[in-house]
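Just so it is clear, the model here is predicted, and its values are computed rather than measured.
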Amino acid sequence: MGTDEIRRIAIIGANLAGGRAADALRSAGYDGEIVLIGEERTAPYERPPLSKDVLVNNGETPEGFFLHSYDFYQSNLIDIRLGVRAEKLSTANRSIVLSTGEEIAFDRAILCTGARARKINCPGANLENIFYLRTLEDAKALLGVLKPGARLGLIGMGVIGAEVAASARKIGCEVFAVEPQEVPMARGLGERFGAWLSRIHAEEGVHLRLGVGVEKIVGANGKAAGLHLTDGSTVDVDAVLVGIGVIPNTEIVEGSGIGINNGIVVNEFAQTSAPEIYAAGDVAFAPQISGSMARVETYQNAQDQAVAAVRSLLGDRDPYLQPQWFWTDQYDMNIQVIGDVVTTDGVSIVVRGDPDSRCFSAFWLQECRLKGAMTVNTPKDMSSARRMLQRNLPLNVNLLADCQTPLREILRNAQ
């Protein structure tokens with residue numbers, strides 16, 4: 001089937017990836033039918049503010065939070081279906097069955113089903129005042145307990161936990177954070193800079209319990225009142241936020257023959273094992289620039305992979321292979337990471353600036369070539385690091401550590 005014969009495209013997931021896919025289709029000149037299906041009752045929005053601006057500003061969403069107004073979808077003839085779940089996909093019939101019982105036929109489909117918060121499995125997990133943070137509705141529910149002086153227990157100090165810890169401290173909450181790993185954000189920052197982040201949170205008044213887990217959540221009058229930890233200690237709390245990762249929403253393709261492995265498996269063109277079906281965002285298990293396969297849970301990947309899926313669908317077979325990049329805002333810090341900053345075998349780390357100042361950059365080098373970088377309140381350094389990764393040239397390590405030598409000069413002189 002040629003692109004001129006693609007009469008209807010179904011996008012499953014009215015989130016960042018799904019919204020960007022719909023936008024990209026119209027921007028590319030596709031004039032056929034677009035059906036955008038989402039389980040949430042709100043139009044596509046950006047999730048990063050949920051753990052920051054929305055909490056700190058008492059539920060107010062920042063400017064640009066929603067990708068577009070409802071009028072955009074109407075004026076661009078995008079049939080947006082909200083508050084409805086896509087339950088089953090048939091590759092044979094090229095159709096999707098909705099929770100309403102309606103069956104929607106398509107010529108092509110883009111699966112942007114995302115992921116859901118992983119629920120904790122321990123005694124007391126069903127008590128009241130236990131929260132997860134994945135949606136706007138979740139953030140507004142959490143706001144009900146984030147009051148000055150409230151004791152918030154955090155289970156998990158990944159990105160979500162660390163950002164909520166910072167936001168809760170700004171509000172004036174007492175924060176007690178439990179993390180089984182020895183450092184916060186171990187998956188994102190590695191051991192050395194996870195330890196640095198641990199010191200920052202401690203300076204800001206977060207009570208950190210690292211290297212221990214939660215054995216049970218203690219209740220009082222049906223509500224969470226404490227965390228009993230694996231070391232035998234107990235922390236008294238008024239509410240609990242659980243941030244222990246996510247589970248990809250693959251249920252729609254189960255039994256369809258489409259490959260599943262820690263997500264919906266796609267190739268470098270965002271295409272599943274069924275040629276007419278594509279997948280993008282948090283649910284897609286995709287080839288990486290390193291040669292491995294991974295499911296990337298970042299804002300940038302959701303946005304860029306959705307656009308790449310649209311290009312592939314419309315005939316532009318340009319492989320989507322980009323270095324992983326993410327950012328997080330905590331307290332007065334903007335932290336950005338690109339590439340691999342976790343692998344340490346055969347890698348040297350060059351630090352540019354003073355980490356205690358909360359304004360520095362770090363570079364992970366293998367045989368003098370950049371493999372990853374982290375910047376803290378130095379966004380211009382990230383721009384240079386991105387180019388260093390792309391060019392893969394040997395770098396002068398001494399100059400890289402010298403704050404007086406501009407990174408663009410190092411890049412310009414690299415041979």
Parallel, tilted or perpendicular: rings of Tyr299 and Trp327 (30°, 60°):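 It falls in the perpendicular class, over 60°.
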Aromatic ring pairing Tyr73/His68, orientation class (parallel under 30°, perpendicular over 60°, tilted between): perpendicular
Got a donor-acceptor contact below 3.5 angstrom from the [X] side chain to the [Y] backbone?
X      : Y      : result
Arg26  : Tyr30  : yes
Trp196 : Pro355 : yes
Asn76  : Ile78  : no
Ser51  : Val164 : no
Arg169 : Val175 : no
Asp402 : Gln404 : yes

Would you say [X] has more than 12 foreign heavy atoms packed within less than 6.0 Å of its [atom1]?
X      : atom1 : answer
Asn57  : CG    : yes
Asn392 : CG    : yes
Glu87  : CD    : yes
Asp318 : CG    : yes
Glu254 : CD    : yes
Arg41  : CZ    : no

May I ask you to say whether [X] pairs ionically with [Y], meaning some side-chain N is under 4.0 Å from a carboxylate O?
X      : Y      : value
Glu46  : Arg20  : yes
Arg134 : Glu39  : no
Arg209 : Asp231 : yes

Less than 4.5 Å apart, any side-chain heavy atom of [X] and any of [Y]?
X      : Y      : answer
Leu389 : Ile289 : no
Glu137 : Glu40  : no
Ile160 : Tyr132 : no
Leu407 : Phe363 : yes
Asp23  : Leu67  : no
Leu136 : Leu50  : yes
Thr405 : Asn396 : no
Ile264 : Pro248 : no

For Ile260, the option from Val283, Thr272, Val253 that meets side chain to side chain contact (heavy atoms under 4.5 Å, CB included): Val253
Member of Ile12, Asn249, Asn15 meeting the side chain to side chain contact (heavy atoms under 4.5 Å, CB included) criterion with Cys112: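 It is Asn15; the other options fail the test.
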Candidate pair Phe193 and Val341, rule side-chain contact (heavy atoms from CB on, under 4.5 Å), full reasoning: CA-CA 9 Å; Phe193 289 97; Val341 302; over 6 Å; no
Can you name the closest pair of heavy atoms from [X] and [Y] and give their distance?
X      : Y      : value
Lys140 : Gly59  : CE-O, 4.1 Å
Ala17  : Ala306 : O-CB, 3.2 Å
Pro44  : Ile80  : CD-CD1, 3.9 Å
Leu197 : Pro184 : CD2-CB, 4.2 Å
Ile244 : Ile155 : CG2-O, 3.7 Å
Ala286 : Gln305 : CB-NE2, 3.5 Å

Sequence neighbours left out, cut at 3.5 Å: what donor-acceptor pairs do the side chains of residues 370-388 make with other protein atoms?
residue	atom	partner	partner atom	Å
Asn377	OD1	Asn334	N	2.9
Asn377	ND2	Asp332	O	3.2
Asn377	ND2	Arg358	O	2.8
Thr378	OG1	Phe360	O	3.2
Thr378	OG1	Ser361	OG	2.8
Asp381	OD2	Ser361	OG	2.6

Contacts of Phe326 that satisfy ring-ring contact (aromatic ring centres under 6.0 Å, His included) - sequence neighbours left out: none
Qualifying residues under ring-ring contact (aromatic ring centres under 6.0 Å, His included), relative to Tyr331, sequence neighbours excluded: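 Expected list: His201.
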Residue list, side chain to side chain contact (heavy atoms under 4.5 Å, CB included) with Asp345, at least two apart or on another chain: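 So Asp345 forms no side chain to side chain contact (heavy atoms under 4.5 Å, CB included) with any residue.
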Stepwise side chain to side chain donor-acceptor pair (under 3.5 Å) test for Ser290 and Gln288: CA-CA 5 Å; Ser290 63; Gln288 303 300 305; over 6 Å; no
Distance, nearest 0.5 Å, that separates [atom1] of [X] from [atom2] of [Y]:
X      : Y      : atom1 : atom2 : result
Lys170 : Glu204 : NZ    : CD    : 9.0 Å
Arg369 : Leu393 : CZ    : CG    : 7.0 Å
Ile9   : Tyr278 : CD1   : OH    : 9.5 Å
Leu143 : Leu55  : CG    : CG    : 5.5 Å
Glu163 : Lys52  : CD    : NZ    : 3.5 Å
Leu241 : Leu133 : CG    : CG    : 6.0 Å

Test side-chain contact (heavy atoms from CB on, under 4.5 Å) applied to Thr343 and Trp364, step by step: CA-CA 9 Å; Thr343 301; Trp364 280 250; over 6 Å; no
Audit row: Leu313, Ile6, side-chain contact (heavy atoms from CB on, under 4.5 Å) steps and yes/no: CA-CA 10 Å; Leu313 186 155; Ile6 301 175; 4.1 Å; yes
Worked verdict on Phe106 versus Val35 for side-chain contact (heavy atoms from CB on, under 4.5 Å): CA-CA 9 Å; Phe106 62 82; Val35 183; over 6 Å; no
Exercise: do Asp354 and Ser357 side chains pair donor with acceptor under 3.5 Å: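 Note: Asp354 and Ser357 side chains miss the donor-acceptor criterion.
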Pair Thr298, Gln324: side-chain N/O donor-acceptor within cut-off below 3.5 Å: no
With Arg116 via salt bridge (Lys or Arg N to Asp or Glu O under 4.0 Å) - residues at least two apart: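 In terms of salt bridge (Lys or Arg N to Asp or Glu O under 4.0 Å), with neighbours along the sequence ignored, Arg116 is linked to Glu251.
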For Glu215, salt bridge (Lys or Arg N to Asp or Glu O under 4.0 Å) partners two or more places apart: none
